[in-house]
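So the structure is just underneath, and the comments pick up after that.
Basis for what follows: all heavy atoms, side chains included, without hydrogens, waters or symmetry-related copies.
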Amino acid sequence: MNVLAIITARGGSKGIPRKNLALLAGKPLLSYTAEAALAAQSLARVVLSTDDDEIAALGRQLGLDVPFMRPQELARDQTPTLPVLQDVVQKLEAAGDRYDAICLLQPTSPLRTAADIDCCVAKMTELQVDSVITVLPVPPKYNPHWVYFADSAGQLRLSTGEEAPIPRRQELPPAYHRDGSIYIARRDTIMLRSTLFGQKIHGHVIDSQWSVNIDEPADLLRAESLLRAGRPG
């Protein structure tokens with residue numbers, strides 16, 4: 001399978017100014033995602049999508065491909081990720097480069113590994129699914145079979161639509177939520193169906209200890225603490 005990785009890193013950010021260039025254990029945040037992507041054996045090409053000249057220069061220094069700059073209209077605070085990916089794919093295909101699948105890697109998840117990326121690609125190939133995403137287990141107390149929604153009258157309804165909750169924790173089926181560090185979807189899922197997910201989705205479970213999403217300064221501190229501790233083994 002011919003897989004294109006796209007690292008999305010715009011210049012603006014709110015929680016941490018210039019977040020993608022912020023230092024984490026002495027290195028720019030972007031460098032961690034670049035290193036994992038370039039070390040992965042399953043990626044044919046790693047492209048950086050950015051609107052920022054400084055980030056583009058750093059990306060090239062790190063070994064990333066920056067064939068063009070992202071349009072300003074796709075670099076606003078409220079811009080969804082999907083059209084950013086579609087922009088890259090459209091431009092590469094116009095130049096004659098076509099890929100079977102697209103791997104989205106966001107610098108805000110710096111602790112993912114090349115092995116995790118390769119595992120996700122392998123699962124897509126082996127299972128013939130539309131997408132593979134990294135996930136984390138949902139703690140039992142937040143399992144959908146125990147979660148209630150309130151209707152307009154304030155009455156509680158189980159999120160599953162069942163009349164009564166499953167009584168014992170041991171009987172709860174496994175539930176997962178998105179980790180956000182790796183998304184891989186087939187080219188047609190993104191370009192023709194306009195979704196990162198499709199109908200057949202498979203999950204790759206990430207160690208929750210190493211799942212960090214950098215939104216605030218406190219997240220940088222936690223990630224730095226984990227890096228100092230080092231991965232076991």
**Asked** Hey, mind stepping through Asp65 and Val46 against side chain to side chain contact (heavy atoms under 4.5 Å, CB included) and telling me if it holds?
**Response** CA-CA 6 Å; Asp65 190 353; Val46 183; over 6 Å; no
**Message:** Quick check against the 3.5 Å criterion: does Asp151 have a side-chain atom that pairs as donor or acceptor with the backbone of Gly154?
**Reply:** yes
**Message:** Using a 3.5 Å distance criterion without hydrogens, assess whether the side chain of Trp146 forms a donor-acceptor pair with backbone atoms of Pro140.
**Reply:** no
**Request:** Scan side-chain atoms only and decide if Ser49 and Thr8 contain a donor-acceptor pair under the 3.5 Å cut-off.
**Result:** no
**Asked** With a cut-off of 6.0 Å (strictly less than), are more than 12 heavy atoms of other residues, nucleotides or ligands near CD of Glu73?
**Response** yes
**Complete:** For Ser211 and Ile206 the tightest heavy-atom approach is CB-CG2, 4.4 Å
**Asked** For the residue pair Ile184 and Cys120, what are the closest heavy atoms and their distance?
**Response** CD1-CB, 3.6 Å
**Request:** Output the distance between atom OG1 (Thr195) and atom CG (Asp130), rounded to the nearest 0.5 Å.
**Result:** 9.0 Å
**Item:** side chain to side chain contact (heavy atoms under 4.5 Å, CB included) evaluation trace for Phe68 with Leu92
**Value:** CA-CA 10 Å; Phe68 38 75; Leu92 293 180; 3.9 Å; yes
**Asked** What are the two closest heavy atoms between Val66 and Ala56, and how far apart are they?
**Response** CG2-O, 3.9 Å
**Prompt:** Are any of the side-chain heavy atoms of Leu220 and Ile214 separated by less than 4.5 Å?
**Reply:** yes
**Prompt:** Heavy-atom distance under 4.5 Å between the side chains of Leu21 and Leu29, does that happen here?
**Reply:** no
**Side-chain heavy-atom pair Ile16, Asp219 within 4.5 angstrom cut-off** = no
**Item:** Interatomic spacing from NZ in Lys200 to CE in Met124 - rounded to 0.5 Å
**Value:** 12.0 Å
**Prompt:** Under 4.0 Å between a Lys/Arg side-chain N and an Asp/Glu carboxylate O for Asp179 and Arg112?
**Reply:** no
**Item:** Smallest separation among heavy atoms of Ala40 and Ala114, with atom names
**Value:** N-CB, 3.6 Å
**Message:** Are Tyr176 and Val205 packed together at the side-chain level, in the sense that at least one heavy-atom pair is separated by less than 4.5 angstrom?
**Reply:** yes
**Asked** Can you get from Val47 to Ile7 by hopping between Ile, Leu, Val, Met, Phe, Trp and Tyr side chains that sit under 4.5 Å apart?
**Response** no
**Short side-chain to backbone donor-acceptor contact, Asn20 and Ile55, under 3.5 Å** = no
**Item:** Side-chain donor-acceptor pair present, Thr108, Gln106, cut-off under 3.5 Å
**Value:** no
**Message:** Take a 6.0 Å sphere around CZ of Arg178 and say whether it holds more than 12 heavy atoms from other residues, nucleotides or ligands.
**Reply:** no
**Heavy-atom side-chain contact between Arg187 and Glu93 under 4.5 Å** = yes
**Prompt:** Which atom names give the shortest non-hydrogen contact between Thr113 and Ala36, and what distance separates them?
**Reply:** C-CB, 4.2 Å
**Item:** Approximate separation, where rounding is to 0.5 Å, of Leu127 CG and Ile201 CD1
**Value:** 13.0 Å
Side-chain donor/acceptor pairs under 3.5 Å, residues 79-90, sequence neighbours excluded:
residue: Thr79; atom: OG1; partner: Arg76; partner atom: N; Å: 3.1
residue: Thr79; atom: OG1; partner: Arg76; partner atom: O; Å: 3.3
residue: Gln86; atom: NE2; partner: Ile190; partner atom: O; Å: 2.9
residue: Gln86; atom: NE2; partner: Ser194; partner atom: OG; Å: 3.3
residue: Asp87; atom: OD1; partner: Lys91; partner atom: NZ; Å: 3.3
residue: Asp87; atom: OD2; partner: Lys91; partner atom: NZ; Å: 3.4

**Residues Lys123 and Glu126 bridged, charged N to O under 4.0 Å** = no
**Prompt:** Do the non-hydrogen side-chain atoms of Cys103 and Val121 ever get within less than 4.5 Å of each other?
**Reply:** no
**Asked** Any donor and acceptor pair, going by atom type alone, linking the side chain of Thr134 with main-chain N or O of Ile182 inside 3.5 Å?
**Response** yes
**Item:** Single-linkage hydrophobic cluster, 4.5 Å side-chain cutoff, Ile102 and Val129 together
**Value:** no
**Request:** Determine yes or no for a side-chain-to-main-chain donor-acceptor pair under 3.5 angstrom, with Tyr32 supplying the side chain and Leu24 the backbone.
**Result:** yes
**Request:** May I ask you to test the Leu226-Gln209 pair for a side-chain heavy-atom distance under 4.5 Å?
**Result:** yes
**Complete:** Distance col, row Leu43:CG vs Leu4:CG, nearest 0.5 angstrom, shows 8.5 Å
**Fill in**
Heavy-atom closest pair (Leu48 atom, Ala9 atom, distance to 0.1 Å) is CD1-CB, 3.9 Å
**Item:** Linked, directly or transitively: Val132 and Val3 (ILVMFWY side chains, under 4.5 Å)
**Value:** yes
**Message:** To the closest 0.5 Å, what do you measure between CG (Leu111) and CG (Leu227)?
**Reply:** 5.0 Å
**Message:** Check whether Asn143 reaches the backbone of Pro173 with its side chain - one donor and one acceptor, N or O, closer than 3.5 Å.
**Reply:** yes
**Item:** Heavy-atom donor-acceptor pair, Ser159 side chain to Pro144 backbone, under 3.5 Å
**Value:** yes
**Message:** Can you confirm whether Gln170 is buried at CD, in the sense that more than 12 heavy atoms of other residues, nucleotides or ligands lie under 6.0 Å from that atom?
**Reply:** yes
**Request:** Using a cut-off of 6.0 Å, state whether more than 12 heavy atoms not belonging to Gln128 lie near its atom CD.
**Result:** yes
**Message:** Main chain of Phe197, side chain of Ser131: is a donor-acceptor contact present, judged purely on distance under 3.5 Å?
**Reply:** yes
**Prompt:** Tell me the side-chain hydrogen bond (donor to acceptor under 3.5 Å, both in side chains) pairs involving residues 50-61, sequence neighbours left out?
**Reply:** Arg18-Asp52, Arg18-Glu54
**Message:** Checking the side chain of Asp118 only, and the main-chain atoms of Ser42 only, is there a donor and an acceptor separated by less than 3.5 Å?
**Reply:** yes
**Prompt:** Could you give the distance from OH (Tyr148) to OG1 (Thr160), rounded to the nearest 0.5 Å?
**Reply:** 9.0 Å
**Request:** Indicate yes or no: at least one non-hydrogen side-chain atom of Arg186 is less than 4.5 angstrom from one of Asp100.
**Result:** no
